[in-house]
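The structure presented is a predicted model; accordingly, all values stated were derived computationally and were not measured. Only this structure's heavy atoms are used, side chains among them; waters, hydrogens and symmetry mates stay out.
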Amino acid sequence: MSVVKSSLSETDLKTVGNALQGALVDLVDLALVAKQVHWNVVGPRFRSVHLQLDEVVDTARLHSDTVAERASALGVNPDGRASTVASGSAIGTVPEGWIKDADAVRILVTSLGAVITRMRERVEATGDPDPVSQDILISLTADLEKHSWMFQAESA
């Protein structure tokens, strides 16, 4: 039972709720992955990559809160628990230990690519049932694509 009544139909709410929950899981994991790499990056480009990783963390955390609060506003309980994130994320595992700067960049390009692919699917899925949620997903996808571009430029 939800204490918040949504203006969306049950079918639309399920579609939008799944999209928002999936986005939340990917964003929480992206913040964790970027922070893990941030703590362990080494190499000649350490400083620039280290700082760039924090920008990804900030973006993921900001948008995860927006996504979770949108879900709550619709009467959908957001779930950012570790077990939920671990079982539902599109992002692969990060290697243990020190991570060379070039490898750090590759990890982020791959991670961002996986998340962006799923975000674009969510943008498509939410267009008809809830343009408000779609707008949130469009905005966060644009920010993630900007980070992806910058990391790809690092590896050129």
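For the atom pair CG of Leu62 and OG of Ser139, the computed distance is 8.5 Å after rounding to the nearest 0.5 Å. Rounding to the nearest 0.5 angstrom, the gap separating the CD atom in Glu69 from the CG atom in Leu20 is 12.0 Å. Atom CG of Asp26 and atom OG of Ser89 lie 5.0 Å apart (nearest 0.5 Å). In this structure, the separation between CG on Asp54 and CZ on Arg61 is 8.0 Å, given to the nearest 0.5 Å. Taking CZ from Arg106 and NZ from Lys100, the interatomic distance works out to 10.5 Å, rounded to the nearest 0.5 Å. With rounding to the nearest 0.5 Å, the separation of CD1 in Ile91 from CG in Asp29 is 4.5 Å.
Under the 4.5 Å side-chain heavy-atom criterion for ILVMFWY residues, a single connected hydrophobic cluster contains both Val105 and Phe46. Note on Val33 and Val42: separate hydrophobic clusters, where clusters join Ile, Leu, Val, Met, Phe, Trp and Tyr whose side-chain heavy atoms are under 4.5 Å apart, directly or indirectly. The hydrophobic cluster containing Val37 does not contain Met150, counting ILVMFWY residues as joined when their side-chain heavy atoms lie under 4.5 angstrom apart, directly or transitively. With hydrophobic clusters built from ILVMFWY side chains whose heavy atoms lie under 4.5 angstrom apart, Val57 does not share a cluster with Val85.
Ion pair Arg47/Asp101 not flagged as a salt bridge, since none of the NZ, NE, NH1 or NH2 atoms sits closer than 4.0 Å to an Asp/Glu carboxylate oxygen. Here Arg120 pairs with Glu145 in a salt bridge; the nearest charged N to carboxylate O distance falls below 4.0 Å.
In this structure, Ser48 contributes its side chain and Arg45 its backbone to a donor-acceptor pair below 3.5 Å. Within the 3.5 Å criterion, the main-chain N or O of Glu55 finds a donor-acceptor partner in the side chain of Thr59. Using a distance-only test at 3.5 Å, with no hydrogens or angles considered, a donor-acceptor pair links the side chain of Gln134 to the main chain of Val123. Between the side chain of Asp12 and the backbone N or O of Asp130 there is no donor-acceptor pair closer than 3.5 Å.
The shortest side-chain heavy-atom distance between Arg70 and Asp65 does not fall under the 4.5 Å cut-off. For the pair Leu140/Thr66, no side-chain contact is recorded, criterion being any heavy-atom separation below 4.5 Å from C-beta on. The side-chain heavy atoms of Ile107 and Gln36, taken from C-beta on, include no pair separated by under 4.5 Å. Counting heavy atoms from C-beta outward, Leu74 and Leu8 have side chains that approach closer than 4.5 Å. Inter-residue side-chain proximity for Leu53 and Phe151 is flagged as met; some heavy-atom pair is nearer than 4.5 Å. Side-chain contact check for Leu13 versus Val76: some heavy-atom pair is nearer than 4.5 Å. Side chains of Gln21 and Leu24 form a contact here, defined as non-hydrogen atoms less than 4.5 Å apart. At a threshold of 4.5 Å between non-hydrogen side-chain atoms, the residues Lys14 and Ser9 do not count as touching.
The minimum heavy-atom distance between Trp39 and Trp98, with the atom names listed, is O-CZ3, 4.0 Å. Closest heavy-atom contact between Leu137 and Thr141: O-OG1, 2.7 Å. Across all non-hydrogen atoms, the minimal contact from Val25 to Gly88 is CG1-C, 3.5 Å. Shortest non-hydrogen contact noted between Thr126 and Ser133 is OG1-C, 4.4 Å. Summarising the geometry of Val56 relative to Ala34, their closest heavy-atom pair is CG1-CB, 4.0 Å, with the distance given to 0.1 Å. The two residues Ile99 and Pro95 make their nearest non-hydrogen contact at CD1-O, 4.1 Å.
A donor atom on one side chain and an acceptor atom on the other are found under 3.5 Å apart for Thr84 and Asp79. Judged purely by distance below 3.5 Å, without hydrogens or angles, the side chains of Ser148 and Gln152 pair a donor atom with an acceptor atom.
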Practice problem: Could you walk me through whether Leu30 and Lys35 pass the side-chain contact (heavy atoms from CB on, under 4.5 Å) test, one step at a time? | Solution: CA-CA 8 Å; Leu30 181 61; Lys35 203 50 145 162; over 6 Å; no
Exercise. For side-chain contact (heavy atoms from CB on, under 4.5 Å), just list the numbers for Ser72 and Val4, CA-CA rounded to whole Å, side-chain angles, deciding distance to a tenth of an Å, and then say yes or no.
Key: CA-CA 8 Å; Ser72 292; Val4 177; over 6 Å; no
